[in-house]
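Step one of this worksheet: look at the structure below.
Since we're looking at a predicted model, the values are computed, not measured.
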Amino acid sequence: DTSSFFKIIFRIQGSVVKEIFVKLILTFLIGLVASILYETADFTIDKSGHVMLGALLAFLLVFRTNLSYGRYWEGRSQLGSFIKSVRDISMQSSLFILGEEEEHSKLREEILRLMRLCMRILVENLEQISDTPKESMEVVNTEKEWDDWARDMDLINIGELTEEELVQIKDHPRPPLLAM
C-alpha cells in the first residue's frame, strides 16, 4: 500500500530495522552512558575525531550513491539495447525472409512470437529478481510460479506459448535465454 507516507516510512517489512535493531539499542545505550558521564562527572570528548569521521562518512555515502546511480543507468541502457535488438530482429525477419509460401510466413510468425515471448519472460524474470530477498539473490523458478505466470499472461490461450515450451521454461536455469 503506497497511499500513506507514514505507513511507508514506518513499515518494518522490507526494512533493515530487523537486522540493525540490536546495534541500534547498543548505540543508544552508549550514547546514554556518555550523556550521563558528561552531566555528572565533567567527562568530555574531543570533537575533532567526530568531525573527521563525519566527513569520511559523508564522502563514502556520496561515493556509494554515485556508484548505485551509475549501476542503475548501466542496467537501464543494457535493457534499452536489448529492446532495440529485439525490435531490429523482428523487423529484419519480416523484411528479409522473402516469399509468400506458407513456410516463409510461418517462419516470420515464429520469429516474432519468440521475440515477444523473450521480452515477456525477461520482464517476468526481472520482476522475480527484484522481489527476491537479498540473502538468497536467486530467482525462484518453481513450477507453480511459472504456471501462475503463464495463466496470468494468458500466453497458452493466445498461442504465444505451448505446453511443451512452458515445461522447458520451468526446467531452464535462465528462461530468457531459452527463447532466444
Side-chain angles (χ1 to χ4, degrees), residues 1-90 115-150 152-153 169-180:
D1 180 28
T2 59
S3 61
S4 172
F5 175 75
F6 291 107
K7 283 183 182 178
I8 293 171
I9 295 294
F10 295 112
R11 182 174 58 190
I12 299 296
Q13 181 186 7
S15 174
V16 296
V17 171
K18 295 176 198 171
E19 284 86 25
I20 67 168
F21 187 72
V22 174
K23 294 176 185 176
L24 188 66
I25 295 298
L26 183 64
T27 305
F28 170 75
L29 291 175
I30 290 172
L32 184 64
V33 168
S35 177
I36 291 171
L37 285 175
Y38 179 76
E39 293 293 327
T40 59
D42 250 357
F43 181 73
T44 60
I45 298 175
D46 187 27
K47 296 177 184 175
S48 63
H50 290 94
V51 170
M52 289 179 12
L53 183 63
L56 178 64
L57 284 175
F59 171 75
L60 290 175
L61 183 63
V62 168
F63 180 74
R64 184 174 170 112
T65 302
N66 192 23
L67 186 64
S68 299
Y69 186 72
R71 289 177 63 190
Y72 166 78
W73 279 108
E74 175 67 22
R76 173 68 176 88
S77 64
Q78 291 293 328
L79 184 60
S81 296
F82 181 76
I83 291 171
K84 181 181 179 278
S85 297
V86 166
R87 190 173 50 232
D88 287 346
I89 290 171
S90 300
M115 291 297 103
R116 287 190 305 266
L117 184 60
C118 181
M119 288 300 299
R120 288 181 176 183
I121 292 173
L122 177 68
V123 167
E124 176 64 23
N125 214 22
L126 290 174
E127 286 176 356
Q128 285 182 1
I129 289 173
S130 67
D131 293 341
T132 303
K134 196 172 190 176
E135 52 270 3
S136 69
M137 285 309 284
E138 291 181 11
V139 179
V140 182
N141 288 330
T142 64
E143 287 190 24
K144 182 182 181 316
E145 287 177 352
W146 281 110
D147 287 337
D148 291 345
W149 171 74
D152 291 345
M153 298 292 281
I169 288 171
K170 289 178 193 177
D171 296 336
H172 201 275
R174 294 187 179 146
L177 295 180
L178 185 63
M180 291 300 287

Does a side-chain heavy-atom distance below 4.5 Å link L24 with F28? no
In this structure, CD1 of I30 is separated from NZ of K23 (nearest 0.5 Å) by 12.5 Å
Nearest 0.5 Å, please: how far is OG in S85 from CE in M115? 10.0 Å
Any donor-acceptor pair under 3.5 Å from S35 side chain to G31 backbone: no
Calculate, to the nearest 0.5 Å, the distance between atoms CD1 and CG belonging to I83 and L122 respectively. 8.0 Å
Specify whether F63 and F59 have parallel, tilted or perpendicular ring planes, treating 30° as the upper limit for parallel and 60° as the lower limit for perpendicular. parallel
State the CG-OG1 distance between L32 and T27, to the nearest 0.5 angstrom. 12.5 Å
So, do L26 and V22 sit near enough that their side-chain heavy atoms are less than 4.5 Å apart? no
Go through the structure and list residues passing side-chain hydrogen bond (donor to acceptor under 3.5 Å, both in side chains) with D46, not counting sequence neighbours. S48
